[in-house]
Q: 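Could you have a look at this structure, given as C-alpha cells, before my questions?
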2 protein chains.
Amino acid sequence: MKRHQVTIVDIAKALNLSKSTVSRALTGHPSVKEDTRQAVLELAEKMDYQRNMLAISLITRKTNTIGIIVPEFTSSYFPNVTIGAQEVASKAGYTTVICQSNESYETEVANTKVMLANQVDGILVSLSKETRNFDHLKIFQRKGIPIVFFNRVCDDMDVPKVIVDDFEGAFKAVSYLIEKGRKRIAHLSGPASLRISEKRLNGYKAALKKHNIPYDDSLVIPYDLNTDMVHIYVTHLLSLPQPPDAIFAISDPTAIEIIQVIKKKGLRVPEDIAVVGFSNDFASGLIHPSLTTVAQPVKDIGRTAAQLLIDQINRDLADWKSIIRVLKTELIVRESA
Amino acid sequence: MKRHQVTIVDIAKALNLSKSTVSRALTGHPSVKEDTRQAVLELAEKMDYQRNMLAISLITRKTNTIGIIVPEFTSSYFPNVTIGAQEVASKAGYTTVICQSNESYETEVANTKVMLANQVDGILVSLSKETRNFDHLKIFQRKGIPIVFFNRVCDDMDVPKVIVDDFEGAFKAVSYLIEKGRKRIAHLSGPASLRISEKRLNGYKAALKKHNIPYDDSLVIPYDLNTDMVHIYVTHLLSLPQPPDAIFAISDPTAIEIIQVIKKKGLRVPEDIAVVGFSNDFASGLIHPSLTTVAQPVKDIGRTAAQLLIDQINRDLADWKSIIRVLKTELIVRESA
DNA sequence: CTGTTAGCGCATTCAA
DNA sequence: TTGAATGCGCTAACAG
C-alpha cells in the first residue's frame, strides 16, 4: 500500500503547462485564462488532487488551524463550547484541533507542545485544575501566537478572556434560595486554584451578607471536582449539629451527585434539602428531581472565544490585552430548589 | 506582533555547528558527540525551540495525525468514543483531529477534504445519517490512506470496522420486555440508510418471532433521529386502537424523549408503558424513571478502532479488509422496564 | 496571461 | 563524528 500523492507537477505535465500556472489556476488567481483554469480544475478533480496544506502552510506560515485545549469531555459543558467554537472557526476557514488535558498539568503542557509543533495559528484554552505555572502558555505570547482563555482563565496573562459572571450567577442562585426561605445554605466549592471557585464563593458570601445571614465557615467545603468524593462531604454536612437546608454546588455534576447521595439517605429534595447547581448541563433537566441551576451560554462562550481568537489572528492590534468578555448567566428554576 | 520562529539554523549559528548536526542532535541520532547533543538540547530549550512538524511531515510524508469524523457531539456517545480513540492514539504518538459532520453529507465530504489536505495518516469514520454515496471515502482507499469505520459503517467498502452486535443487543432488549409480560412492543427505529437501524430492527423481529408474537407493521416507526419529532410518533402509537405496552427505542436520546412525552400525557413508565433504549448514555441513569438500556462499550469502541487504524498505518498488510470487530452489548436493567 | 527562480524548515543522502 | 548538498510540494516574487 504505497501512498502516491498527486501533485501540481503531475497536472502540469499532463496539461503541458508550468507549475505556476497550475498553482494559480488552483488558487483562483484571476490572471489565468478561463480555458486553462477549467482544464486544470477538471483534471485535478479527476486525479483526486488535493492541495498539500503542509507545503502551503510551510510557505505562508499559516496553517489555518486553531488549537483548543480543554480539561475534560465528561460533562456536556466543554463539548458544547467546542461545538460553538468550531462553528465560528470553520465558517472562517479554520480547522480545529482539540486536546484534552484530563485535568492534568503535565498533559496540558504536552498538549501545548503539540500545538506549537503543528504551528497552530492560535489557541483556545481552559486550564486544568492542576495548572498553577503558566510558562508553557507564555511561550505562545513570546512567539506572537494569539491565545484566548475561556471559563478557566489565567489572571497572570494579559490576553483576551471569555468568562461568565460567576459572581452574579452564584449571587442569584443563593439569593433565590434565601428568598425561598432557606436559612442554612451550604456551598460545595471548587479547588482554590480555579478563579471560578473564588468568584462563585464570593457571590455566595455576598448573597448571604445582603440578606443578613452570617457567614458560617463550616458550611463551605472546597473540593477537587472529583465527584467520587462528594458523598463524603454531603454525609459530613448532614451530620452537622445544625445541618444545612440547602446546598449550592460549584457545578452540575457536583449537584447531581449531591442529589443522588441525599436520596440514598432517604431524605427528600427539595423538601428536606434544596440543591442548586451551576452550568445547566444536559443531564440537569433529566434527573429527578430536575435540577435548579445557573445556566451558562455554553455555545456562545465557544463562539465568542473563537471569534476573538480569529480577530486577533487576522488583525494585528496591540491592545488585545484588555479584552474580557463577560457573558450573562441565567437562573433556571426547576424542581430541586 | 510578528511571529518569529526559532529554527535549527538559529541554534546552529549560535553554537557554530552545521544544521545537520543540530538536526541529528535534536532527533536523538546516535552519531552525535554527547557534549554537542547536550549543548544543542539546552540551547533549544532556552530558545523555546519547537520542531516544525509541517516541514518534517513534508519530508517524511507522515504527519502522525489521525482524523476522526463523527456525526455529532450532542449525546455522550461520540465524545466518549473519541476519548477512547485519543487515549490509544496519543500513546502511540498520534495527534487527533476531530470533525463533526452534523449529520450532513455535505459537511462530511468537506471534512474529508480537510483531512486529505492536512495529510492525515488515517481516518476513523462514523457516517452521517444522510450519507449514501461513498466516493469521498473511497478516495482514501485509492490513495492508500487507511480508514476504519465504527458504529455507522459502510458495507460497500472493504475496510476494517468496529461495531457492536446490534442484532443481539436489540434481541436481548426485546426478549427481556416479553419475559416481563409485555405483549405489544412498539419500535421507534432509525433511518433506513443506517445499517444499525436495520440490524436492531432485525433483532426486534427475531425476538418477537422466537416468542411467537406476530410482527405488527403498524408498531414500527422509522424516524430520522431528530428528537423534536418524537412526540408525534409517540402520540400516534398511543392513539392506536390497540396501543403498545412497551416501546423499544433505537437510541437513548430517543428513549429519553419518549419517556418525557409519556409522562407529559399523564401515563406512567413502566406501569403503563415500558421503555428501553440503546447505548447507555450518561443521561440514562439520571432521568426519572431511570432508563433500561442496551449498553455499548463506548470507550472500547474508540480504543479498538484507533488501534486497528494505527496497526494498519504502521504495518503494511494486505488482508486488512476482512477485519470486523464486533463488541458485545449488555442489557442494563433500571426502572423504565 | 504564463514561465522561471528561489526558498519555507527540515531529514537525509553522500562525502569528508 | 560532522558538513554540504538535495529536495519534500508548493507559493511568491520576478520576468517576459
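A note on names: the letters A, B, ... follow the listed sequences, proteins ahead of strands, and every chain is numbered from 1.
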Q: Just the rounded figure in Å: distance from C1' of C:dG9 to CG of B:L26.
A: 12 Å

Q: In this structure, how many angstroms lie between the P atom of C:dT2 and the CG atom of A:L15, rounded?
A: 11 Å

Q: Are side-chain N/O atoms of B:K113 and B:N111 paired as donor and acceptor at under 3.5 Å?
A: no

Q: Within the 4.0 Å heavy-atom criterion, would you say B:S20 contacts the bases, only the backbone, or no part of the nucleic acid?
A: base

Q: Closest to the B:V32 side chain: D:dT2, C:dC1, C:dG3?
A: D:dT2

Q: Whole-Å distance between D:dC8 P and B:I56 CD1?
A: 17 Å

Q: Mind checking salt bridge (Lys or Arg N to Asp or Glu O under 4.0 Å) for B:R303 and listing every partner two or more places apart, or none if nothing turns up?
A: B:E87, B:D300

Q: What's the CD1-P distance between B:I59 and D:dC10, to the nearest Å?
A: 15 Å

Q: For A:E34 and for B:K19, locate the closest nucleotide of DNA chain C by heavy-atom distance; then report the residue assigned to the nucleotide nearer the 5' terminus.
A: A:E34

Q: Over how many whole Å does the gap from B:Q50 atom CD to C:dC10 atom P extend?
A: 11 Å

Q: The side chain of B:N52 is closest to which nucleotide in this list: D:dA12, C:dG9, D:dC10?
A: C:dG9

Q: Counting heavy atoms from C-beta on, name the nucleotide in D:dC8, C:dT2, D:dT11 closest to the side chain of A:R24.
A: C:dT2

Q: Among D:dT11, D:dT2, C:dT2, which nucleotide sits nearest the side chain of A:R51?
A: D:dT11

Q: Side chains of B:Q5 and B:T7: any donor to acceptor distance under 3.5 Å?
A: no

Q: Counting side-chain heavy atoms from CB outward, which of C:dG9, C:dA11, D:dC10 is closest to B:T7?
A: C:dG9

Q: Check the distance between D:dT11's P and B:L54's CG and give it to me in whole angstrom.
A: 14 Å

Q: Give a yes/no answer on whether the side chain of B:S18 brings an N or O atom under 4.0 Å of OP1 or OP2 in D:dG3.
A: yes

Q: So, is A:T21 near the phosphate of C:dC1, with a side-chain N or O under 4.0 Å from OP1 or OP2?
A: no

Q: By nearest atom, which of the nucleotides D:dT11, D:dT2, C:dC8 is closest to the A:T27 side chain?
A: D:dT11

Q: Please determine whether a side-chain nitrogen of the Lys or Arg among A:R152 and A:E103 lies less than 4.0 Å from a carboxylate oxygen of the Asp or Glu.
A: yes

Q: Quick one: do the A:T131 and A:E108 side chains pair a donor with an acceptor below 3.5 Å?
A: yes

Q: Please report, rounded to the nearest Å, how far the C1' atom of C:dG9 is from the NZ atom of A:K143.
A: 13 Å

Q: Let me know, please, whether B:L58 or B:S31 comes out on the 5' side of the other along DNA chain D by nearest nucleotide.
A: B:S31

Q: Do A:V22 and A:L26 come within less than 4.5 Å of each other through their side chains, counting heavy atoms only?
A: yes

Q: Which is true for A:I8 with a 4.0 Å heavy-atom rule: it touches a base, it touches only sugar-phosphate, or it touches nothing?
A: sugar-phosphate

Q: Please confirm whether the shortest side-chain N or O distance from B:Y49 to OP1 or OP2 of C:dG9 is below 4.0 Å.
A: no

Q: Please tell me if B:S23 has a side-chain N or O lying less than 4.0 Å from either OP1 or OP2 of C:dA11.
A: yes

Q: Measure the distance from NE2 on B:H29 to P on C:dC10 and round it to the nearest whole Å.
A: 17 Å

